[in-house]
Amino acid sequence: MRFIHVPIQEGDPVTIWIDNKRAFLIKVKKGKRLDTDKGYIIHDQLIGKEYGEIIKISKGEAYLLKPTPMDIYTTLPRPSQVVYPKDASYIIYASGIQPGDTVVEAGTGSGFLTITLAYFLGPNGKVISYDVREDMQNKAKQNALMLNLLDRIEFKIKDIRQGIDEKEVSAVILDMPDPWNAVSKAYEALKPSGSLIVFVPTVNQIEKTVLQMRNEGFIDIHAEELILREYQVKENAVRPKNIGVMHTGYLIRGRKYIKGTSL
Ligand SMILES: C[S@@+](CC[C@H](N)C(=O)[O-])C[C@H]1O[C@@H](n2cnc3c(N)ncnc32)[C@H](O)[C@@H]1O
């Protein structure tokens, strides 16, 4: 099998991986330089290389990787709490969305879920992302720009509780303090059989949200928590890591049915 050499060009995103504690997501720009405690990298030296290659730095080596959504968690700034990879990937699976679909979410926050959705939905898909705070969306835009995903996202400064402009969307995803107040708006925006997914950090928010979903025309409602444990792998000392993210939040999912359908 022959591999096609696709050279890295100016404007391409690259994850510079040195070790598990040192990964940097950059966008290649002529004349720029990345400084690390293991040495520096002049962006110009990356042009013409390909993803997967190794380059020399003053205190060792760095690997050039094509960024994936996983890299945003280790590299990009997060001014808000974010949806973690274990929850984001389950959201995609449980919602049944497919590349090319349109999905609405609120709030944008740091844009981590937005970016993951945009990456998955592909060039024909669209994420419509609502937030009440412009400063949050500006940060999220910078993050999305790092992966060249801005053209798959529409950012809106709007309180989603006031209504969703889009109709017939495949899924609505809510990560905001009072999601129960947006459930009726999600119902109006969704295609019949579409999914509402809600992420909440406390148990108290589950009950209010689920009761509201039951009242508003959702079925197949579940409240779940995902627990992920990373392992340290050292010779003769393989065991769960004793530090890491212990709690993220709870996921609530349900499907829209058509109210009042005759039998
Ligand atoms: C926890 S952050 C979202 C994090 C985001 N999901 C991520 O992965 O980066 C919650 C966001 O919801 C926004 N928000 C709160 N109430 C809202 C509302 N009624 N409509 C739209 N956005 C809202 C906040 O401004 C905040 O940016």
Side-chain angles (χ1 to χ4, degrees), residues 25 67-95 97 103-121 125-147 149-150 152-166 169 171-190 195-206 208-209 212-213 216 224-226 228 245 247-253:
L25 178 55
T68 69
M70 196 58 117
D71 296 334
I72 68 180
Y73 292 89
T74 43
T75 58
L76 294 184
R78 48 177 90 177
S80 69
Q81 279 294 328
V82 301
V83 172
Y84 277 77
K86 71 179 175 73
D87 299 310
S89 48
Y90 188 70
I91 287 171
I92 289 172
Y93 181 86
S95 62
I97 57 175
V103 173
V104 165
E105 67 143 6
T108 314
S110 310
F112 280 30
L113 181 62
T114 325
I115 293 170
T116 308
L117 291 168
Y119 185 91
F120 173 78
L121 292 172
K126 201 91 197 162
V127 186
I128 321 286
S129 189
Y130 287 71
D131 204 299
V132 285
R133 284 181 54 183
E134 197 167 2
D135 59 331
M136 283 292 180
Q137 286 205 334
N138 287 340
K139 188 52 79 184
K141 279 179 195 169
Q142 284 170 25
N143 283 342
L145 183 64
M146 288 301 287
L147 274 92
L149 291 172
L150 271 183
R152 303 181 191 179
I153 307 166
E154 189 179 334
F155 291 97
K156 289 193 170 178
I157 303 287
K158 183 173 173 183
D159 182 338
I160 200 160
R161 298 170 301 184
Q162 304 303 318
I164 296 174
D165 306 327
E166 297 70 31
V169 303
V172 175
I173 303 159
L174 301 175
D175 174 13
M176 55 190 273
D178 59 341
W180 50 90
N181 288 324
V183 167
S184 64
K185 305 302 178 193
Y187 182 89
E188 288 165 19
L190 278 168
S195 293
L196 171 60
I197 312 271
V198 180
F199 178 84
V200 287
T202 68
V203 172
N204 319 55
Q205 293 160 298
I206 297 176
K208 279 183 167 175
T209 307
Q212 195 64 31
M213 285 172 72
E216 293 283 356
E224 295 160 319
E225 181 184 8
L226 304 173
L228 178 83
V245 179
H247 170 71
T248 58
Y250 307 98
L251 286 162
I252 303 157
R253 60 185 166 94

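Both counts, for ligands and for their atoms, begin at 1 and track the order of listing. Nothing fancy with the numbering, it's 1 onward along the sequence.
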Side-chain donor-acceptor pairs under 3.5 Å in residues 114-121, sequence neighbours left out?
residue, atom, partner, partner atom, Å
Thr114, OG1, Glu105, OE2, 2.5
Thr116, OG1, Phe112, O, 2.8

Handout entry: Residues Arg253 and Glu224 bridged, charged N to O under 4.0 Å
Key = yes

Is Asp178 paired with Lys208 through a side-chain N to carboxylate O contact shorter than 4.0 Å?
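No, no charged N to carboxylate O under 4.0 Å.
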
task: Return the set of residues passing side-chain hydrogen bond (donor to acceptor under 3.5 Å, both in side chains) with Lys141 (not counting sequence neighbours), or none when no residue passes.
output: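 With sequence neighbours excluded, Lys141 shows a side-chain hydrogen bond (donor to acceptor under 3.5 Å, both in side chains) to no residue whatsoever.
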
By side-chain hydrogen bond (donor to acceptor under 3.5 Å, both in side chains), Ser95 pairs with (sequence neighbours left out) none

Within the heavy-atom cut-off of under 4.0 Å, ligand 1 is lined by Ser80, Gln81, Val82, Val83, Gly107, Thr108, Gly109, Ser110, Gly111, Phe112, Leu113, Tyr130, Asp131, Val132, Arg133, Met136, Lys158, Asp159, Ile160, Arg161, Asp175, Met176, Pro177

Take Asp135 and Asn138, measure what side-chain hydrogen bond (donor to acceptor under 3.5 Å, both in side chains) needs, and give me the verdict at the end. CA-CA 5 Å; Asp135 59 331; Asn138 287 340; over 6 Å; no

